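Read the structure below first, then the notes.
Below, each value reflects all heavy atoms present in this structure, side chains not excepted, and no hydrogens, waters or symmetry copies. This structure is a prediction, so every number in the text was calculated from the model and none was measured.
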Amino acid sequence: MIDQRLLRTDLDGVKAALSRRNRPAIIDDVAHAARLDARLRDIQAERDDIRARVNSISKEVGQLHRDGKPDEAQTLQAESKNLGGTESGLVGEYDEVSAALRDLLLGIPNLPHEAVPGGANEDDNPVVIGPIAHHSTYPEWQRVPHWETAAALGILDNERAAKISGSMFTMQRGAGATLARALCQFGLDQNADVHEEVRPPSLVSTATLTATGQLPKFADDAYAIERDDLWASPTAEAPLTSIYANEVLDDTELPIRLMAHSSSYRREAGSAGRDTRGMLRSHEFDKVEMMAYATPEQAPGLLDDMVQRSERAVAALRLPYRVIEICAGDMGQSHHRSFDVEVYAPGADAWLEVSSVSWLGDYQARRANIRFRRHDENGKLIKGSEFAHTLNGSALAVPRVWAAIVENYRNEDGSVTIPDVLHPYMRGAVRITAD
RNA sequence: GGAGAGGUGCCAGAGCGGCCGAAUGGGAUGCCCUGCUAAGGCAUUGACCCUCCGGGGUCCGUGGGUUCAAAUCCCACCCUCUCCGCCA
């Protein structure tokens, strides 16, 4: 949620920033929100005025009763009752306008950082790092899609996954399952130096998904467990960001850096039939996510660090990769600035998004009500609080890295070599063969 | 799932429908006393919203209701704890 106060202090600035997202409807919403905000303050002022009078009359009434003057109290009571009627009318109107404003604000995306490149869609995302370790040509035996190699090696059984759960579910078997788990362990170990490992719940509340921005706008993308008013978490970003919801942190404990291995559940509404072969897109996948709570000053440095960590993971796996920056027209609704890490898969001949690292500003913290307090130079707590900044990024998303390994590490005989850094997690296996 | 107890400020904990944004104790901060320490004295100490910067408003788990007036009465829900049941 953007800062409501900006609507009155810098409406033109908000409109200018959001116009870079290349969706004119947003600007209309902003203008509408500004009108509602002004209306709301008028109602509030009027309502508070009446409440102030009711409060003071009530005090007088109490005093008069104690002084044994019930007649005078009677007159005041009548006046107060009258005011009460007016007040409840205003309250009704206030609730109505404020609900409408909140709905509108929840749908307005975050302001892009000024450094975010302009652009209309994903075709305009500039490559900012790389390509690294990318070859101009690949031998024939690496030009085999991973689903073919995986089928031949018996390490991926999506047909039976469909029997169990329906289409767009994957199931790894044998060394393929071990490889998936090895990647998770590797992803965690790579980042354990500064991140606390968390194992959060997979089913989360409506409030939790609203805080990170998946709700209310993208409800169709998440699995709902309606009977219990829970949702299957689409990313560990959601539970990790709500860990400190409704809390006031201390600037001395920031940044707080967390990581979690979790399963992510996505309905992928509207994308049926696209990129659905093999491991490219599925309803459930494993991922190691990083998340940080920070002061506004710490955030840019943490963003860089997170991008480097995502990069380091694919570099350590010796996969061809590049980093792109997401342009204003392609950024996610909550994002202030974002980078994607992509690996090259020679079999599918495609760059696969394996990580997305984002700085959310205070957009999520405002929704989740996560604040922090500062200390002055003498170590004394300063009065008041402000919203924290949040950042998150995938340390390692299993399926596409798994696919890229199966394609890049395919040998001429159809076997797949295990990348060196994964050896410790593979129970001694260094190569996946058909038997 | 059943029975019971409870949710109040940084913490503990009191609170007759009006004198309650809230006793008391602890903690924290400042000042005083003391050679230092220990101990003591005094004072301060919540958040948020609006503001014509005078002030006004909201918040005692959440949401409703009763009343001129609700932390206090009524209803619903949520959460925590104890016991029982079930269970990986």
Side-chain angles (χ1 to χ4, degrees), chain A residues 1-11 33-102 105 199 201-211 225-231 239 242-253 263 362 365-388:
Chain A
M1 204 149 60
I2 62 168
D3 187 352
Q4 198 172 325
R5 270 171 288 200
L6 285 178
L7 295 176
R8 25 192 209 262
T9 57
D10 188 22
L11 183 58
R35 286 195 300 274
L36 289 183
D37 175 67
R39 174 93 191 97
L40 198 62
R41 273 176 304 139
D42 286 347
I43 300 170
Q44 187 186 13
E46 208 180 327
R47 183 204 65 187
D48 284 356
D49 204 54
I50 291 178
R51 281 185 178 172
R53 290 181 55 199
V54 170
N55 285 342
S56 85
I57 287 175
S58 292
K59 280 203 175 109
E60 276 185 68
V61 169
Q63 191 57 48
L64 288 170
H65 277 300
R66 262 171 275 127
D67 294 349
K69 298 175 180 164
D71 298 349
E72 294 178 40
Q74 207 74 52
T75 319
L76 285 176
Q77 282 179 22
E79 187 187 344
S80 182
K81 185 158 197 167
N82 212 13
L83 288 169
T86 316
E87 196 243 41
S88 65
L90 286 168
V91 167
E93 202 178 342
Y94 180 91
D95 290 347
E96 219 170 277
V97 174
S98 118
L101 177 57
R102 186 177 160 78
L105 283 172
R199 176 53 254 218
S202 299
L203 303 184
V204 300
S205 68
T206 296
T208 294
L209 277 201
T210 303
I225 298 149
E226 288 183 33
R227 187 169 64 172
D228 297 295
D229 191 24
L230 287 168
W231 303 77
S242 280
I243 284 182
Y244 292 105
N246 300 312
E247 293 194 35
V248 182
L249 303 166
D250 199 304
D251 67 345
T252 55
E253 58 187 332
S263 295
D362 61 9
R366 184 171 282 111
R367 288 169 165 241
N369 189 26
I370 303 159
R371 300 155 189 277
F372 77 97
R373 287 210 228 184
R374 294 179 186 272
H375 287 77
D376 65 17
E377 59 277 11
N378 300 316
K380 284 177 61 177
L381 212 52
I382 295 172
K383 241 178 143 47
S385 62
E386 57 191 284
F387 288 111

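For the C1' atom pair drawn from B:rC84 and B:rG18, the interatomic distance equals 45 Å after rounding to whole Å. With both ends at atom C1', the span from B:rG17 to B:rG13 equals 22 Å, rounded to whole Å. The gap from the C1' atom of B:rA71 to that of B:rC19 amounts to 16 Å, rounded to the nearest Å. B:rG25 and B:rA14: their P atoms are spaced 15 Å apart (whole Å). Rounded to the nearest Å, the gap between the P atom of B:rC81 and that of B:rU8 is 14 Å. Rounded to whole Å, the C1' atom of B:rU34 lies 23 Å from the corresponding atom of B:rG27. For the C1' atom pair drawn from B:rC60 and B:rA12, the interatomic distance equals 16 Å after rounding to whole Å. B:rC49 and B:rU44 are spaced 25 Å apart, taking the C1' atom of each and rounding to whole Å.
Partners of A:Arg8 according to the side-chain hydrogen bond (donor to acceptor under 3.5 Å, both in side chains) rule, which considers only residues two or more places apart in sequence or in another chain, are A:Asp37.
Considering all non-hydrogen atoms of both residues, A:Asp251 and A:Phe372 come closest at CB-CD1, 3.9 Å. Nearest heavy atom pair, residue A:Ile50 against residue A:Leu83, reads CG2-O, 3.7 Å. A:Ile370 and A:Tyr244 make their closest contact through CG1-O, 3.4 Å (heavy atoms, listed as atom of the first residue, atom of the second, distance). Nearest heavy-atom pair, A:Leu76 versus A:Ile57, reported as atom, atom and distance to 0.1 Å: O-CG2, 3.6 Å. For the pair A:Ile382 and A:Arg373, the tightest heavy-atom approach, listed with the atom from each and the gap, is O-CD, 4.1 Å.
Using a distance-only test at 3.5 Å, with no hydrogens or angles considered, a donor-acceptor pair links the side chain of A:Ser88 to the main chain of A:Gly85. Using a distance-only test at 3.5 Å, with no hydrogens or angles considered, a donor-acceptor pair links the side chain of A:Arg367 to the main chain of A:Thr210. Looking only at distances, a side-chain donor or acceptor of A:Ser205 sits under 3.5 Å from a matching main-chain atom of A:Thr208. A donor-acceptor pair is defined here as one N or O able to donate and one able to accept, closer than 3.5 Å; such a pair exists between the side chain of A:Arg366 and the backbone of A:Met1.
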- Query: Stepwise, does the side chain to side chain contact (heavy atoms under 4.5 Å, CB included) test hold for A:Thr9 with A:Asp3?
  - Reply: CA-CA 10 Å; A:Thr9 57; A:Asp3 187 352; over 6 Å; no

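Taking the side chain as every heavy atom from C-beta outward, A:Gln74 and A:Leu64 never approach each other to under 4.5 Å.
Of the charged side-chain nitrogens involved, at least one lies within less than 4.0 Å of a carboxylate oxygen, so that A:Glu386 and A:Arg374 count as a salt-bridged pair.
Counting to the nearest Å, the P atom of B:rC49 and the CG atom of A:Leu101 are 15 Å from each other. One can place CG of A:Asn246 at 14 Å from C1' of B:rC79, the figure rounded to the nearest angstrom. Between the C1' atom of B:rC10 and the CG atom of A:Leu249 lies a distance of 15 Å, rounded to the nearest Å. Look at CZ on A:Arg102: it is 15 Å from C1' on B:rC49, rounded to the nearest Å. The separation between A:Glu87 atom CD and B:rU67 atom P is 14 Å, rounded to whole Å. Here the P atom of nucleotide B:rC48 and the CG atom of A:Asp3 are 14 Å apart, to the nearest Å. A straight line from CD of A:Glu386 to P of B:rA47 spans 14 Å, rounded to a whole angstrom. Look at CG on A:Leu40: it is 15 Å from C1' on B:rC48, rounded to the nearest Å.
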- Message: So if I define the base as every atom that isn't primed, P, OP1 or OP2, how would nucleotides 50-60 of chain B read as a B/S/- string at a heavy-atom cutoff under 4.0 Å?
- Response: SS----BSS--

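Comparing A:Val54 and A:Gln63 by the nucleotide of RNA chain B whose heavy atom lies nearest to each, the residue mapping closer to the 5' end is A:Gln63. Checking A:Lys383 against A:His65, the closest nucleotide of RNA chain B that is more toward the 5' end is the one next to A:His65.
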- Item | Dot-bracket pairing map - RNA chain B, Watson-Crick plus G-U, both contacts under 3.5 Å, | cross-strand | ((((((((.[[[..)..(.....]]]((((((.......))))))(((((....))))).[[[[[..)....]]]]])))))))....

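Contacts classified as salt bridge (Lys or Arg N to Asp or Glu O under 4.0 Å) and involving residues 62-88 of chain A (residues at least two apart or in different chains) are given here: A:Arg51-A:Glu87, A:Arg53-A:Glu79.
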Taking N or O atoms only and anything under 3.5 Å, show me the protein contacts with nucleotides 6-8 of chain B, one pair per line.
none

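Glycosidic conformation at B:rG30 (O4'-C1'-N9-C4 for purines, O4'-C1'-N1-C2 for pyrimidines): anti, more than 90° from 0.
The number of heavy-atom neighbours closer than 6.0 Å to CD of A:Glu253, taken from other residues, nucleotides and ligands shown, is above 12.
Residues from residues 67-85 of chain A placing a heavy atom under 4.0 Å of any atom in RNA chain B, listed by number, are A:Gln77, A:Ser80, A:Lys81.
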